Amino acid sequence: MDSVLCSVATRGRYQTTLPLTLNSIINQTKKVDKLVIFDDNDEPQDMRNELVYSYFFQMLFIKGIAWEWVYAGKKGQHYIHQMANGMGFDWVWRVDDDAIPEPNVLQNLFNYTHKNVGAVGGAILTPPLQFQDEKPTGKIELINREANIQWSFINKVKEVEHLHCSFLYRAGVHDYHLGLSRVAHREETLFTYGLFKKGYKILAVPNANTWHFKNPNGGIRSESNEILYGQDETVFNNLINYSDKTIVILSGGMGDHIVFTHVLPEIKNAEVFTCFPDIVPGKSIAEAHQLFGSIDPWNVYIKMHQWKWKGSLEDAYRKMYL
């Protein structure tokens with residue numbers, strides 16, 4: 001049977017909602033294969049010294065659930081989710097540290113993990129409910145004009161183009177966008193839409209209700225700099241505007257560009273940003289920075305390091321873009 005990692009990114013919620021989240025994960029009718037708590041606090045603490053947490057750790061041991069507490073890099077939850085994405089499990093269930101899934105959530109999400117499914121999400125309910133009369137489509141082009149389908153009870157299975165907050169996803173087939181700021185606004189929307197663009201079904205399903213105790217403190221709300229949210233929204237809109245293209249960003253040397261010319265004819269609908277337009281024609285790297293923020297997600301050498309790559313540079317480009 002496919003393996004499931006439960007990933008919880010936490011910041012600023014040691015003594016508020018995180019204990020509720022952990023208790024709800026431990027008491028799922030379907031046990032996760034491993035729980036990893038990624039601690040992104042500015043001043044991390046050793047929670048083994050806290051009485052309530054010591055009970056949670058004992059419960060995990062008694063139930064036979066592997067667990068790990070990882071001190072993260074203070075770069076934002078998109079970096080954390082990408083770490084979980086690459087941990088070698090078949091599926092990752094991401095649960096926010098102020099989300100309280102009902103006991104049947106994981107089992108009911110897992111029931112839909114067919115081979116053509118990329119992500120499955122249930123209702124994410126924030127009391128008091130306000131969107132029960134809405135009929136959202138779940139299409140990306142309407143994201144700013146309709147409520148999210150997960151914001152109210154879901155009565156039947158619906159194929160959508162994106163999910164948010166908490167969901168179960170197929171690991172290792174698409175990367176989180178690391179060009180966002182630490183608040184990582186829209187990171188889960190970009191990720192699930194990326195799975196959709198790769199041909200996987202994104203499902204919103206009934207009978208998998210998670211209560212979102214939208215904690216006004218901690219998490220991304222630890223950041224008060226509204227400029228970061230605006231920057232991320234701009235990056236999000238630009239990526240969506242280019243969603244019918246294969247974005248190619250070549251920030252390497254002349255030799256890298258020459259190697260890439262062997263791969264370019266195989267790439268469908270490429271939109272190229274280049275340092276050497278006389279070798280590979282395209283727009284400037286400065287424009288890529290302006291549109292997408294950090295361009296590290298397109299750095300082939302960073303990817304090769306992540307992949308522990310042993311092949312050629314040319315084949316690494318193929319892996320990135322084909």
Side-chain angles (χ1 to χ4, degrees), residues 3-48 50 52-61 63 65-103 105-107 109-110 119-122 124-126 150 163-169 171 176 182-184 187-188 191-192 208-215 217-222:
S3 58
V4 178
L5 169 71
C6 180
S7 169
V8 178
T10 189
R11 184 183 179 197
R13 292 170 178 163
Y14 284 141
Q15 306 299 340
T16 55
T17 51
L18 178 59
L20 301 173
T21 299
L22 296 182
N23 188 58
S24 64
I25 292 167
I26 292 169
N27 288 300
Q28 289 294 300
T29 57
K30 174 179 173 57
K31 293 193 301 184
V32 300
D33 292 282
K34 186 173 184 179
L35 166 64
V36 179
I37 303 102
F38 293 93
D39 190 332
D40 213 32
N41 280 281
D42 297 327
E43 297 180 2
Q45 302 174 28
D46 185 348
M47 301 313 291
R48 292 174 297 180
E50 296 291 329
V52 171
Y53 282 88
S54 71
Y55 289 134
F56 290 149
F57 301 149
Q58 292 176 56
M59 290 170 68
L60 289 163
F61 175 77
K63 289 195 170 191
I65 301 173
W67 66 277
E68 188 175 359
W69 193 289
V70 175
Y71 293 108
K74 303 178 184 178
K75 295 180 179 180
Q77 62 176 333
H78 47 334
Y79 279 85
I80 287 169
H81 293 311
Q82 184 57 29
M83 288 173 62
N85 193 19
M87 283 187 162
F89 290 80
D90 299 303
W91 296 86
V92 175
W93 183 33
R94 50 171 285 168
V95 182
D96 281 6
D97 63 351
D98 58 355
I100 318 300
E102 293 181 354
V105 168
L106 180 56
Q107 181 63 70
L109 296 179
F110 190 79
V120 190
I124 308 296
L125 305 171
T126 304
Q150 292 177 278
L163 297 169
H164 92 121
C165 190
S166 179
F167 48 85
L168 180 68
Y169 69 85
Y176 284 85
R182 187 177 181 183
V183 303
E187 52 87 14
E188 70 270 57
F191 178 72
T192 49
N209 302 325
T210 294
W211 295 93
H212 190 197
F213 294 175
K214 201 169 183 178
N215 194 327
N217 301 306
I220 67 170
R221 286 174 285 280
S222 295

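Being a predicted model, the structure only gives us computed values, none of them experimental. Residues take their numbers from the sequence shown, with the count starting at 1.
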Under 3.5 Å: donor-acceptor pair, side chain of Q77, backbone of A184: no
K30, NZ atom: more than 12 neighbouring heavy atoms under 6.0 Å: yes
Sub-4.5 Å side-chain heavy-atom contact between F56 and N23: yes
Sidechain-backbone polar pair: E102 side chain, T210 backbone, donor-acceptor under 3.5 Å: no
D90 side, atom CG; F110 side, atom CZ - distance, nearest 0.5 Å: 8.0 Å
Residues which pass salt bridge (charged side-chain N to carboxylate O under 4.0 Å, His left out) with E188, listed by chain and number, not counting sequence neighbours: none
Atom pair CG (D39) and CG (D97), whose distance is rounded to the nearest 0.5 Å: 10.0 Å
Rounded distance (nearest 0.5 Å) linking atom CZ of F38 with atom CE of M83: 5.0 Å
Note, F191 side chain near N85 side chain (heavy atom, < 4.5 Å): yes
D33 side chain vs L5 backbone, donor-acceptor pair below 3.5 Å: no
Partners meeting ring-ring contact (aromatic ring centres under 6.0 Å, His included) with W67 (sequence neighbours left out): F57
Straight-line distance of Y79 OH to K74 NZ, nearest 0.5 Å: 15.5 Å
Polar side-chain atom of Q28 near backbone of L106 as donor-acceptor pair, under 3.5 Å: yes
From CG (L20) to CG (L18), nearest 0.5 Å: 8.5 Å
Spacing of L125 atom CG and F213 atom CZ [to the nearest 0.5 Å]: 10.5 Å
The single option from N41, D42, D40 passing side chain to side chain donor-acceptor pair (under 3.5 Å) against R11: D42
Donor-acceptor pair, side chain of S166 and main chain of R94, under 3.5 angstrom: yes
Contacts of type salt bridge (charged side-chain N to carboxylate O under 4.0 Å, His left out), residue K31, not counting sequence neighbours: none
Any donor-acceptor pair under 3.5 Å from K34 side chain to E68 backbone: no
I100 backbone acceptor or donor facing S24 side chain under 3.5 Å: no
N/O donor-acceptor pair under 3.5 Å between Q82 side chain and Y176 backbone: yes
Exceeds 12 heavy-atom contacts within 6.0 angstrom, atom OH of Y55: no
